[in-house]
Amino acid sequence: MDELNYYADIWLRNRPGTDVALFNGLAYVLLDEGLADMDFIQAHTEGFPGWAEAVREYPPAVVSEITGVPRKTYSPRRGAFARPPFSGSCMIWGMGVSQHSNGTANAHGVINLALAAGMAGKPGNGISPLRGQNNVQGCGDAGCIPDQFPGYQALTAENRAKFASLWGQVTGPPRRTHRHVDGRGRWSR
């Protein structure tokens, strides 16, 4: 036990470079045990059958061998992740996910796992990359940039109407939320 995991409910220490295998192994368990949010998947994702087929290559025994994470460590935790006893789960990750040589695949893996669990658009759920600049982890495509819709689509009236029809609602018009120092050294909005 150290500072990094002292407050964690679940901490899976995998070998460096094995993140994708771990994400796919967790997704395998979600699918295998009927914990994936199929309603969410059908309504809000694309390409699921092909992804699910690829994930089937990562059963727990294979993932344990690749990652070094014992099956007993992550298999019993899957219910807490997919069906927590409180309002929901939030997938939170830092820049290390994207800074490996397979960083793009890592970002895809973590986002796909979160989508399989239906972690977007519900109270208490979320996909939350911690990053130093926009799109460090490829999440701009998923709609995590605050001044854009998914796919880098601007917050125009036309796009707001399009996403409101897709999602059933969209919050109010964007507001300026930051302040800066103008050319005379004064704070402005």
Side-chain angles (χ1 to χ4, degrees), residues 1-33 35-38 40-41 44-82 88-121 125-146 148-153:
M1 183 78 61
D2 60 33
E3 281 183 51
L4 292 175
N5 64 353
Y6 181 77
Y7 294 102
D9 291 324
I10 301 170
W11 186 53
L12 305 176
R13 185 176 187 166
N14 58 306
R15 292 184 187 113
T18 64
D19 298 334
V20 173
L22 182 61
F23 299 143
N24 286 344
L26 290 167
Y28 177 102
V29 172
L30 291 182
L31 294 171
D32 192 54
E33 298 189 9
L35 295 169
D37 188 337
M38 297 307 293
F40 177 86
I41 291 167
H44 303 289
T45 67
E46 299 173 352
F48 174 75
W51 174 79
E53 185 178 325
V55 165
R56 290 290 176 203
E57 297 178 21
Y58 294 88
V62 170
V63 172
S64 290
E65 187 174 320
I66 293 169
T67 65
V69 176
R71 179 181 178 177
K72 66 180 185 227
T73 303
Y74 76 86
S75 288
R77 309 269 193 302
R78 75 247 180 236
F81 173 73
S89 288
C90 183
M91 182 71 81
I92 302 172
W93 67 96
M95 291 186 357
V97 166
S98 67
Q99 293 175 345
H100 289 281
S101 60
N102 58 339
T104 300
N106 285 348
H108 288 163
V110 73
I111 291 168
N112 285 336
L113 177 59
L115 292 174
M119 291 182 157
N125 286 274
I127 302 172
S128 301
L130 304 175
R131 55 197 184 186
Q133 62 189 30
N134 284 332
N135 204 28
V136 166
Q137 292 160 318
C139 290
D141 287 335
C144 293
I145 297 175
Q148 297 177 357
F149 285 113
Y152 307 97
Q153 297 179 60

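Note that the coordinates shown come from a computational prediction; the quantities given were computed from them, not determined experimentally.
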Mind checking whether N14 and V63 have side chains closer than 4.5 Å, heavy atoms only?
no

Between A36 and I41, which heavy-atom pair has the shortest distance, and what is it?
CB-CD1, 4.0 Å

Let me confirm one number: the CZ-CD distance from F48 to E53, rounded to the nearest 0.5 Å.
11.5 Å

Starting at CG of L113, measure out to CG of L22 and round the result to the nearest 0.5 Å.
8.5 Å

Nearest-0.5 Å distance, CZ of residue R15 to CD of residue E65
8.5 Å

Give a yes or no on whether Q153 atom CD has more than 12 heavy-atom contacts from other residues, nucleotides or ligands under 6.0 Å away.
yes

Evaluate L115 against I127 for side-chain contact (heavy atoms from CB on, under 4.5 Å), listing each step before the verdict.
CA-CA 9 Å; L115 292 174; I127 302 172; 4.1 Å; yes

Can you measure from CG (L31) to CG (L26) and round to the nearest 0.5 angstrom?
11.0 Å

Could I get the full list of salt bridge (charged side-chain N to carboxylate O under 4.0 Å, His left out) partners for D37, not counting sequence neighbours?
K122

Please name the pair of heavy atoms, one in L30 and one in A117, separated by the smallest distance, quoted to 0.1 Å.
CD1-CB, 4.1 Å

Enter the distance from I111:CD1 to F23:CZ here, rounded to the nearest 0.5 Å.
10.0 Å

Flag side-chain contact, heavy atom, 4.5 Å: V110 against D19:
no

For F40 and A120, the nearest pair of non-hydrogen atoms, with its separation, is CE1-O, 3.3 Å

Tell me the closest heavy-atom pair linking S64 and P70, and the distance in Å.
OG-C, 3.7 Å

Enter the distance from T45:OG1 to M38:CE here, rounded to the nearest 0.5 Å.
8.0 Å

What heavy-atom pair brings R13 and V69 nearest, and what distance separates the two atoms?
O-CG2, 3.5 Å

As a quick check of understanding, evaluate side-chain contact (heavy atoms from CB on, under 4.5 Å) for N125 and M91, giving each step before the final call.
CA-CA 8 Å; N125 286 274; M91 182 71 81; over 6 Å; no

Donor-acceptor pair, distance only, cut-off 3.5 Å: does the side chain of N112 make one with the backbone of H108?
yes

Closer than 3.5 angstrom, by distance alone: can the side chain of T18 be matched with the main-chain N or O of I66 as a donor-acceptor pair?
no

